[in-house]
2 protein chains.
Amino acid sequence: MAFSFRQVRYFIAVADAAKISSAAADLNVSQSAVTAAIKALEDELEARLFERHPSGVTLTYEGHQFLQHARSIEATVSEATRALRRTGSAETGEVRVGLTYTVAAYFLPQILARFTRAFPGITVHMQELAREDIESGLMNGNLDIAVMLVSNLQNSLSIDSEILVRSRRRLWACADHHLVARETVSLAEIAAEPYVMLTVDEADDTAMRYWRKTPHLPKVIFETSSVEAVRSMVATGMGVSILSDMVYRPWSLEGQRIEVRPVSDEVPSMDVGLGWRRDSNLSAPARVFYEYLSLTYGGSGHGFVNAKP
Amino acid sequence: MAFSFRQVRYFIAVADAAKISSAAADLNVSQSAVTAAIKALEDELEARLFERHPSGVTLTYEGHQFLQHARSIEATVSEATRALRRTGSAETGEVRVGLTYTVAAYFLPQILARFTRAFPGITVHMQELAREDIESGLMNGNLDIAVMLVSNLQNSLSIDSEILVRSRRRLWACADHHLVARETVSLAEIAAEPYVMLTVDEADDTAMRYWRKTPHLPKVIFETSSVEAVRSMVATGMGVSILSDMVYRPWSLEGQRIEVRPVSDEVPSMDVGLGWRRDSNLSAPARVFYEYLSLTYGGSGHGFVNAKP
DNA sequence: AAAATGCCATCAATTTTTCCGATATCGTGT
DNA sequence: ACACGATATCGGAAAAATTGATGGCATTTT
């Protein structure tokens, strides 16, 4: 795998012209350059592509085979440039986006900067809403699209979704916590510790769903809708929690370090994704927004967003 | 279209590594080479593909777009090399081919030399036969495949065909013939001239088919099954004829020149193609033969085989 | 027959591209 | 403030591509 586009271009030109010399004229290069390029290509492929005659050249069987691929390469390449030229930065319009709390706080801000740079003509109206308000907003047309925790979607019959990133949920504990010494920690062990429960975005419902699969229950000493509150309490050693990597930062507000450890029991990941009304024709700007996020996140491998270790 | 495959490789490596420096390490080149290549690619595409951060680089929207194309380019290229490696020259076996006269004389010989070189393990048994014998041979299994004038096929219900080359039929006349002065010539004008009728491969039947669409009839002064005979008679000015470019040669046996002129009325082209029994599973060597011809001729554009002027 | 033509292969010199290694720069974390 | 890890930049070195001229070969023209 080492030949160049230049060689492919020359090859196609020669195949079309059936003469190296006139192909060279078409390409505005010298005949010897084309001869050399074809020869290098043949060496590279270890195949004779042309038969040389006194009146020109003709494709061999292998040459015909390669010609088809060559044309396909040419088409792919020109498509690649063509597609970029019409980059949608000329798109204009508005898109109304509903966000759930976590997404608004931890996921979208970085992306939005890039989006607005790529599509300066598109105004993004963002609204942080509870899940049920987002769902009804999508249904009654007040929202074009939503970025939310799709695993929490209730009305999945009428609302389509696509996962953008999965974020692992892991145990948070302060740096000198005895559980931090362990490689992994089980829910049973966590059940013995004081637990700080986050309540935004139905995190408590989600948590109870996996706790209920065990004989244990977390010793909830505090419930809060503030991630920063959880962070502070964990950092000071008042308790532990299980939260997604997406909201993880190693340092709490007060500067104390928080460590994370994987949970050995099955804990579902937090899935951030796009939601939209199933039968809606997305508006052009909404479609651009959708494709931007889908490409930017979905494209890069459906992997996990990882916090440090 | 001017970026290079090298740039695409580097781009993919950087996109995967998310760091120019580690991508450079993967590629066994220096970091500055990769930086330069990416920059050149961005200049070429007139688009920013990466955002540079102190911790590495991330794809922009355009970068994500281009990454998809880049992967497709990479796949296309590697497919192109991979396909060539497994060139079927290891195929062995026999294939029984029926040929009609014109094909045997004017079409196949050049190709066969190449075919036997590309597939030395395949023995080609060729038999020149009349059309009806070919058709029955295909049906009763005495022939695997045929190269013939497919426009003459009778049993087209049971025999499939594929056109390889279309060869235009034009007026042949000696160099000093008065019709040669014209750009194009009508059948009405030709009807006034003495005509030499070729009878091989049902050429006479075909000829009568288009003559009958006019109020005229050719003044047939001579019928022959030899193309060389027609050529000689035309060259010496004894008559004119309408024959396909495939059998055209500018010089007759005696060294006199023959000119061709397009006919303004509609005259069907001579279609040489492959024929095989519709419900037959072609043997492996027959399939190779089929694909070789199909690729060698069908591939190059279904165009006309042109005689010089 | 001989000369001319049109074609591709080859070669050395030159130009262009690519690469390297060192250095500059920038932002973050310590 | 400082070190660290990342990208950007620069001049010189190396490699690749290109050129223009030359030669061989087969066909066409004289």
Side-chain angles (χ1 to χ4, degrees), chain A residues 2-11 13-44 48-60 63 110 113 175 248-252 255-258 307-309, chain B residues 2-11 13-44 48-60 63 110 175 249-252 255-258 307-309:
Chain A
F3 57 85
S4 71
F5 288 152
R6 188 183 50 85
Q7 290 167 326
V8 173
R9 277 209 324 277
Y10 287 14
F11 169 77
V14 172
D16 287 345
K19 287 188 183 67
I20 290 187
S21 47
S22 46
D26 295 344
L27 294 163
N28 290 315
V29 295
S30 75
Q31 168 257 320
S32 54
V34 178
T35 297
I38 297 297
K39 177 200 281 283
L41 184 59
E42 289 180 326
D43 288 349
E44 186 61 45
R48 194 145 188 80
L49 299 174
F50 293 102
E51 291 183 11
R52 276 73 164 174
H53 304 129
S55 55
V57 295
T58 58
L59 286 166
T60 62
Q110 341 128 28
Y248 176 80
R249 302 288 182 273
W251 302 96
S252 81
Q256 294 136 305
R257 187 162 180 86
I258 293 177
K308 262 198 273 184
Chain B
F3 56 84
S4 72
F5 182 46
R6 187 184 51 87
Q7 289 169 323
V8 173
R9 278 209 327 273
Y10 286 15
F11 170 77
V14 172
D16 286 345
K19 287 185 184 65
I20 290 188
S21 47
S22 45
D26 296 344
L27 293 164
N28 290 315
V29 295
S30 76
Q31 168 256 318
S32 54
V34 178
T35 297
I38 297 295
K39 178 200 281 282
L41 184 60
E42 288 179 325
D43 287 350
E44 185 61 45
R48 194 146 187 80
L49 299 174
F50 292 103
E51 291 184 10
R52 276 72 165 175
H53 303 128
S55 54
V57 295
T58 58
L59 286 166
T60 63
Q110 340 129 29
R249 302 287 182 273
W251 302 98
S252 79
Q256 292 134 306
R257 187 162 181 87
I258 293 176
K308 259 199 274 189

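Residue numbers start from 1 in every chain, and the chains themselves are labelled A, B, ... in the order their sequence lines are given, proteins ahead of strands.
- Inter-residue side-chain proximity for Ile38(A) and Arg52(A) is flagged as met; some heavy-atom pair is nearer than 4.5 Å.
- Taking 4.0 angstrom as the limit, Arg52(B) places none of its side-chain polar atoms (N or O) nearer than this to OP1 or OP2 of dA6(D).
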Tyr10(A) and Val29(A): CA distance, side-chain angles, deciding distance, side-chain contact (heavy atoms from CB on, under 4.5 Å) verdict: CA-CA 10 Å; Tyr10(A) 287 14; Val29(A) 295; 3.6 Å; yes

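- The separation between Leu49(A) atom CG and dA9(C) atom C1' is 16 Å, rounded to whole Å.
- Taking 3.5 Å as the limit, the base of dG21(C) and the side chain of Ser32(B) contain a donor-acceptor pair of atoms between them.
- For Glu51(B) and dA6(D), the CD to P distance is 18 Å, given to the nearest whole Å.
- A straight line from CG of Leu27(A) to C1' of dA17(D) spans 14 Å, rounded to a whole angstrom.
- Side-chain atoms of Pro54(B) lie closest to dG5(D) of the nucleotides dT18(D), dG5(D), dT7(D).
- In this structure, Phe3(B) CZ and Phe11(B) CZ are separated by 10.0 Å, a value rounded to the nearest 0.5 Å.
- Between the P atom of dT7(D) and the CZ atom of Arg48(B) lies a distance of 13 Å, rounded to the nearest Å.
- Among the heavy atoms of the strands lying under 4.0 Å from Ser21(A) are primed sugar atoms or P, OP1, OP2 only; no base atom is included.
- Residue Tyr10(B) places its side chain closer to dC19(C) than to any other of dT18(D), dC8(C), dC19(C).
- In this entry the distance linking CG of Asn28(B) with P of dT18(C) reads 19 Å, nearest Å.
- Each of Gly56(A) and Val29(B) has a nearest nucleotide on DNA chain C; the 5'-most of these lies closest to Gly56(A).
- Phosphate contact (OP1/OP2 of dT17(C), side-chain N/O of Arg6(A), threshold under 4.0 Å): absent.
- Residue Phe11(A) contributes atom CZ, which lies 15 Å from atom P of dC8(C) at whole-angstrom precision.
- His53(A) is listed as a side-chain neighbour of Thr58(A), based on a closest heavy-atom distance under 4.5 Å.
- Note on Phe50(A): nothing from the nucleic acid sits closer than 4.0 angstrom, heavy atoms only.
- You won't find any donor-acceptor pair under 3.5 Å spanning the side chain of Gln31(B) and the base of dA6(D), going by distance alone.
- Following rounding to the nearest Å, Lys19(A) (NZ) and dT5(C) (P) show an atom-to-atom distance of 17 Å.
- When the P atom of dT7(D) is taken as reference, atom CD of Glu42(B) falls 13 Å away, rounded to whole Å.
- For dT7(D), neither phosphate oxygen OP1 nor OP2 lies less than 4.0 angstrom from any side-chain nitrogen or oxygen of Lys39(B).
- Rounding to the nearest 0.5 Å gives a distance of 13.0 Å between NZ of Lys39(B) and CD of Gln7(B).
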